[in-house]
Amino acid sequence: MKIVLKDGSVKEYGESKSVYEIALDISEGLARAACCGKIDGNTVDLRTVVDRDCELSICTAGDEEGLAALRHTTSHVLAEAVKNLFPDAKLAIGPSIETGFYYDFEHAPFSREDLDALEAEMKKIIKKGEKLEKFTLPRAEAIKYMEERQEPYKVELIQDLPKDAQISFYSQGEFVDLCAGPHLMSTKNIKAFKLISSSMAYWRGDSNKARLQRIYGTAYYKKEELAEHLERMEDAKRRDHNKLGREMELFTTVDVIGQGLPLFTPKGAKMLMKLQRWIEDLEDKEWGYVRTKTPLMAKSDLYKMSGHWDHYKEGMFVLGDEEKDKEVYALRPMTCPFQYFVYKNTQKSYRDLPYRMSETSTLFRAEDSGEMHGLTRVRQFTITEAHLVVRPDQMVEEFKGCIALAKHCLTTLGVEEDVTYHLSKWDPADREKYIGEPEVWNETEAHIREILTELHIPFVEDVGEAAFYGPKVDINAKNVYGKEDTMITIQWDALLAEQFDMYYVDQNGDKVRPYIIHRTSMGCYERTLAWLIEKYAGKFPTWLCPEQVRVLPISEKYEEYAEKVLKELKARDIDAATDNRSEKIGFKIREARLAKVPYMLVVGQQEEEQELVSVRSRFAGDEGQKPLGEFIDQICEEIRTKEIRKEIAQEEEKRS
């Protein structure tokens with residue numbers, strides 16, 4: 001048989017060989033580093049036998065698949081350590097993930113001391129260097145095998161598999177785990193790992209099922225790589241919006257108010273106000289939108305008409321009982337059906353289209369309590385939601401315009417390089433989830449694919465992620481911990497106009513169904529604020545800061561001049577404050593830095609006599625003395641253009 005390797009070279013063998021044996025034949029060094037293989041693009045275990053012509057890649061920890069196999073093997077070592085130290089613990093699942101691995105156990109919560117003890121036990125297991133051996137059992141025997149080992153979660157997993165399935169297991173010494181692989185050949189190839197944290201998790205992600213304890217960890221082939229990862233994790237903790245946003249007094253939450261219902265303090269509210277005013281002016285003055293204001297709730301009849309009652313009811317806050325109450329209402333999870341009736345309020349002709357309606361909408365979604373996190377997943381949120389009613393011949397250009405607007409918003413916020421684009425498609429195998437015929441779905445998905453290709457936007461395609469009425473472009477970003485969230489959505493809808501009897505009158509006087517684009521320009525305000533907190537570690541561009549300037553009098557003798565400076569700043573709509581505390585100027589400067597204020601204006605005798613200000617900034621440190629009017633003109637221009645000034649290096653800031 002002929003084996004084509006990653007570099008294009010060919011190996012020929014007269015008999016079958018495992019992936020590991022082929023790696024060993026290539027070089028002992030490659031065999032030592034090998035974590036798994038890829039046969040014709042499919043990831044396989046090192047023990048997989050190759051018995052035909054194929055393309056073969058040997059994956060090391062430098063490859064995505066190899067690193068995942070290394071981490072998966074480390075999760076098995078963790079499971080063995082837990083069983084050694086806590087024999088009554090029950091095993092659930094332990095996959096590799098993008099940032100490492102986790103394993104779920106039925107057990108009491110694990111403390112940091114427990115994790116430290118488990119790390120020590122894992123090192124003992126790794127030092128023993130047990131080989132991982134794979135074996136299979138018929139389904140019935142596999143169930144009995146795990147019942148005898150008193151592992152009910154493993155039994156449940158096996159019971160979900162086909163009756164004729166051969167179930168694979170991996171052993172390392174006396175420890176055995178249900179697993180499809182792939183795995184390293186031996187535990188001794190685990191060079192660097194760390195247990196990060198422990199938290200509660202529901203079995204199979206279902207809040208109605210058992211509460212388990214999840215241990216998170218990570219692993220790398222080299223200790224240097226692990227150290228770099230841990231430093232990134234520390235930076236992530238420092239940037240975590242849920243921590244930093246509270247420390248900066250931007251928002252808080254209160255148990256008696258409810259989970260997923262944040263309270264915005266004056267500073268956070270100021271930032272949201274700036275974002276909202278920017279977006280509304282941008283849409284209305286530059287992009288041709290009209291503004292609507294619609295109710296926060298509606299009768300169930302509206303949602304039944306739109307299809308949301310059938311497809312989305314579980315995610316809605318319903319007010320009333322259909323069996324008992326004459327009328328049942330629900331808080332709105334979206335604005336589209338409301339804006340359709342704004343469109344229908346007057347008859348439209350082909351000349352009136354495109355008709356672009358936008359609204360700063362407060363929406364409500366009954367998110368699961370286990371999904372709540374800071375500002376990224378909440379139950380009440382505000383969104384820049386718009387619906388464009390267009391003629392079919394306008395659809396492509398208007399869709400491109402929505403993408404252009406989204407890109408403009410991302411660029412202005414300084415996050416355009418942090419996003420990925422996704423074509424979210426329907427799943428033909430799940431027909432109950434969607435309305436419309438396959439032909440419509442295939443056509444609309446093809447249009448979006450062509451648009452993204454024409455605009456030279458790299459994208460991936462996600463099956464089953466479309467809305468129930470149409471495909472969409474999702475613009476996603478990752479938080480500091482690597483979890484991906486959708487920030488902006490642009491949806492193609494060729495179906496709902498029919499359900500709402502929406503039409504326009506064409507050139508011939510005939511009634512014609514329009515198309516609809518559902519879109520956000522910036523997305524959810526709460527999630528965007530969380531994104532910006534983490535992106536900038538709280539050091540926002542000046543235009544967004546709730547406090548843009550702090551005036552610092554050297555002593556109480558110059559408080560009157562400081563107040564004069566403050567008055568002139570506020571007269572130009574600059575968000576400013578004074579620090580009149582009887583503290584040394586060095587202390588006041590440090591306090592302003594900790595508050596991440598962009599500009600500090602130090603004033604004393606010379607500044608007062610010559611109407612100057614001594615400028616210190618996050619961007620250049622000591623900027624020297626300037627006439628007050630000159631500084632005001634400069635910062636106003638920076639705010640007007642929404643400039644993102646580069647921060648000085650940390651070392652330079654300390655020296656200054």
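These values consider heavy atoms only, across backbone and side chains, with no hydrogens, waters or symmetry-generated copies. This is a predicted model, so every value here is computed, not measured.
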Asker: If you round to the nearest 0.5 Å, how far is NZ of Lys293 from OG1 of Thr335?
Answerer: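 Reported value, rounded in 0.5 Å steps: 11.0 Å.
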Asker: How many angstroms lie between CG in Leu67 and OG in Ser96, if you round to the nearest 0.5 Å?
Answerer: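 Taking CG in Leu67 and OG in Ser96, the distance rounds to 8.0 Å.
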Asker: Quick one, Thr294 with Val342, criterion side-chain contact (heavy atoms from CB on, under 4.5 Å). Give me CA distance, side-chain angles, the key distance, then yes/no.
Answerer: CA-CA 9 Å; Thr294 56; Val342 173; 4.2 Å; yes
Asker: Backbone N or O of Leu363 within a donor-acceptor pair of the Gln380 side chain at under 3.5 Å?
Answerer: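 Here the side-chain-to-backbone pair does not exist.
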Asker: Closest approach of Arg618 and Phe540, non-hydrogen atoms and distance?
Answerer: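 Minimum heavy-atom contact is NH2-O, 2.7 Å.
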Asker: Can you give each donor-acceptor pair under 3.5 Å made by side-chain atoms of residues 407-418, sequence neighbours left out, with the distance rounded to 0.1 Å?
Answerer:
{"from": "Thr411", "atom 1": "OG1", "to": "Lys407", "atom 2": "O", "distance (Å)": "2.8"}
{"from": "Thr412", "atom 1": "OG1", "to": "His408", "atom 2": "O", "distance (Å)": "2.9"}
{"from": "Asp418", "atom 1": "OD2", "to": "Lys535", "atom 2": "NZ", "distance (Å)": "2.9"}

Asker: Establish, from distance only, whether the side-chain atoms of Ser306 and Gln499 form a donor-acceptor pair under 3.5 Å.
Answerer: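 No pair is found: no donor N or O on one side chain lies under 3.5 Å from an acceptor on the other.
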Asker: Does a side chain donor of either Ser358 or Glu385 reach within less than 3.5 Å of an acceptor in the other side chain?
Answerer: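 Checked: Ser358/Glu385 side chains show no N/O donor-acceptor pair below 3.5 Å.
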Asker: Can you name the nearest heavy-atom pair linking Val378 to Pro262, along with the distance?
Answerer: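 So the minimum-distance heavy-atom pair works out to CG1-CD, 3.9 Å.
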Asker: Under 3.5 Å, is there a donor on one side chain and an acceptor on the other for Thr542 and Glu643?
Answerer: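 Thr542 vs Glu643: no donor-acceptor pair found between side chains.
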Asker: Starting from the C-alpha separation in whole Å, work towards a yes-or-no answer on salt bridge (charged side-chain N to carboxylate O under 4.0 Å, His left out) for Glu283 and Arg291.
Answerer: CA-CA 9 Å; Glu283 292 179 340; Arg291 197 142 297 278; 2.9 Å; yes
Asker: Can a side-chain donor-acceptor contact be found between Glu314 and Tyr312 if the only test is distance below 3.5 angstrom?
Answerer: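 There is no such pair (donor and acceptor under 3.5 Å, judged by atom type) between the side chains of Tyr312 and Glu314.
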Asker: If you measure only the distance, is there a donor-acceptor pair under 3.5 Å linking the side chains of Tyr599 and Glu638?
Answerer: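 A pair is found: one side chain offers a donor N or O, the other an acceptor, under 3.5 Å apart.
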Asker: Tell me whether the NZ or CZ atom of Lys511 lies within the 45° cone about the ring axis of Tyr503 and under 6.0 Å from its centre.
Answerer: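 The answer is yes, since Lys511 meets both limits relative to Tyr503.
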Asker: Would you say Glu280 and Gln276 are linked by a side-chain donor-acceptor pair, where the criterion is simply a distance under 3.5 Å?
Answerer: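 Yes.
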Asker: What do the steps show when you test Arg365 against Arg379 for side-chain contact (heavy atoms from CB on, under 4.5 Å), and what is the final call?
Answerer: CA-CA 5 Å; Arg365 296 187 182 174; Arg379 287 174 171 155; over 6 Å; no
Asker: Using the rule given for side-chain contact (heavy atoms from CB on, under 4.5 Å), can you reason through Val549 versus Ile635, listing the C-alpha separation, both sets of side-chain angles and the distance that settles it, and then say yes or no?
Answerer: CA-CA 9 Å; Val549 179; Ile635 191 175; 3.5 Å; yes
Asker: How long is the gap from CD1 on Ile644 to CG on Leu544, to the nearest 0.5 Å?
Answerer: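 Nearest 0.5 Å value for the CD1-CG distance: 9.0 Å.
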Asker: Which residue pairs satisfy the ring pair (Phe, Tyr, Trp, His ring centres under 6.0 Å) criterion with at least one member in residues 259-296, sequence neighbours excluded?
Answerer: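 Every ring pair (Phe, Tyr, Trp, His ring centres under 6.0 Å) pair that includes a residue of residues 259-296, provided the two are not neighbours, is Trp278-Trp543.
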Asker: Could you give the distance from NZ (Lys433) to NE2 (His311), rounded to the nearest 0.5 Å?
Answerer: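 The NZ atom of Lys433 sits 10.5 Å away from the NE2 atom of His311.
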Asker: Measure across Tyr421 and Pro458 and return the closest heavy-atom pair with its distance rounded to 0.1 Å.
Answerer: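 For Tyr421 and Pro458, the tightest heavy-atom pair comes out as CB-O, 3.5 Å.
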Asker: Quick check for you: to the nearest 0.5 Å, what is the distance between Glu398 atom CD and Leu405 atom CG?
Answerer: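 Here the interatomic distance stands at 11.0 Å.
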Asker: Go through the steps for Tyr202 and Asp368 under the test side chain to side chain donor-acceptor pair (under 3.5 Å), then give the verdict.
Answerer: CA-CA 11 Å; Tyr202 291 111; Asp368 186 275; 5.5 Å; no
Asker: Got a second to check how far Thr489's OG1 is from Asp474's CG, nearest 0.5 Å?
Answerer: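 Rounded to the nearest 0.5 Å, the OG1-CG separation comes out at 4.0 Å.
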Asker: Do Phe364 and Phe317 make the cut of ring centroids closer than 6.0 angstrom?
Answerer: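 Distance test on ring centres: not under 6.0 Å, no.
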Asker: Checking Thr362 against Arg332 for the side chain to side chain donor-acceptor pair (under 3.5 Å) test, could you report, in this order, the C-alpha distance in whole Å, the side-chain angles of both residues, the deciding distance, and whether it holds?
Answerer: CA-CA 8 Å; Thr362 298; Arg332 64 180 183 183; 5.5 Å; no
Asker: Side chains of Glu623 and Ser617: is there a donor and an acceptor less than 3.5 Å apart?
Answerer: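 Side chains of Glu623 and Ser617: pair found under 3.5 Å.
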Asker: Where do Ile403 and Ile451 come nearest, in terms of heavy atoms and distance?
Answerer: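 What the structure gives for the nearest pair is CD1-CG2, 3.9 Å.
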Asker: Is the Trp492 ring parallel, tilted or perpendicular to the Tyr515 ring (thresholds 30°, 60°)?
Answerer: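 Tilted, since the angle between the ring planes falls between 30° and 60°.
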Asker: Between Thr420 and Glu484, is a side chain to side chain donor-acceptor pair (under 3.5 Å) present by the stated rule, with each step listed?
Answerer: CA-CA 10 Å; Thr420 55; Glu484 191 169 68; 3.3 Å; yes
Asker: Given ring pair (Phe, Tyr, Trp, His ring centres under 6.0 Å), test Tyr350 with Tyr504 step by step and report yes or no.
Answerer: CA-CA 6 Å; Tyr350 68 96; Tyr504 65 92; 7.7 Å; no
Asker: Which pair of non-hydrogen atoms, one from Gly436 and one from Arg431, has the smallest distance, and what is that distance?
Answerer: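 Nearest pair, atom of Gly436 first, then Arg431: O-NH2, 3.1 Å.
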Asker: Any chance the rings of Tyr434 and Phe468 have centres within less than 6.0 Å?
Answerer: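 No.
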Asker: Looking only at the side chains, is there a donor atom on one of His422 and Ser424 sitting less than 3.5 Å from an acceptor on the other?
Answerer: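 Not at all, the side chains of His422 and Ser424 share no donor-acceptor pair under 3.5 Å.
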Asker: Please report the closest heavy-atom contact between Lys626 and Val615, naming both atoms and the distance.
Answerer: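 Heavy atoms of Lys626 and Val615 come nearest at CD-CG2, 4.1 Å.
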Asker: Could you walk me through whether His518 and Tyr469 satisfy the ring pair (Phe, Tyr, Trp, His ring centres under 6.0 Å) test, starting with their C-alpha distance in whole Å, then the side-chain angles of each, then the deciding distance to 0.1 Å, before giving a yes or no?
Answerer: CA-CA 11 Å; His518 308 238; Tyr469 49 80; 4.6 Å; yes
Asker: Within 45° of the ring axis of Tyr343 and under 6.0 Å from its six-membered ring centre, is that where the NZ or CZ of Lys348 lies?
Answerer: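 Yes, cation above the ring, under 6.0 Å and within 45°.
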Asker: Any chance you could lay out the side chain to side chain donor-acceptor pair (under 3.5 Å) test for Thr486 and Asn476, step after step, and finish with the verdict?
Answerer: CA-CA 4 Å; Thr486 297; Asn476 295 356; 3.0 Å; yes
Asker: Evaluate Leu319 against Val328 for side-chain contact (heavy atoms from CB on, under 4.5 Å), listing each step before the verdict.
Answerer: CA-CA 6 Å; Leu319 310 176; Val328 173; over 6 Å; no
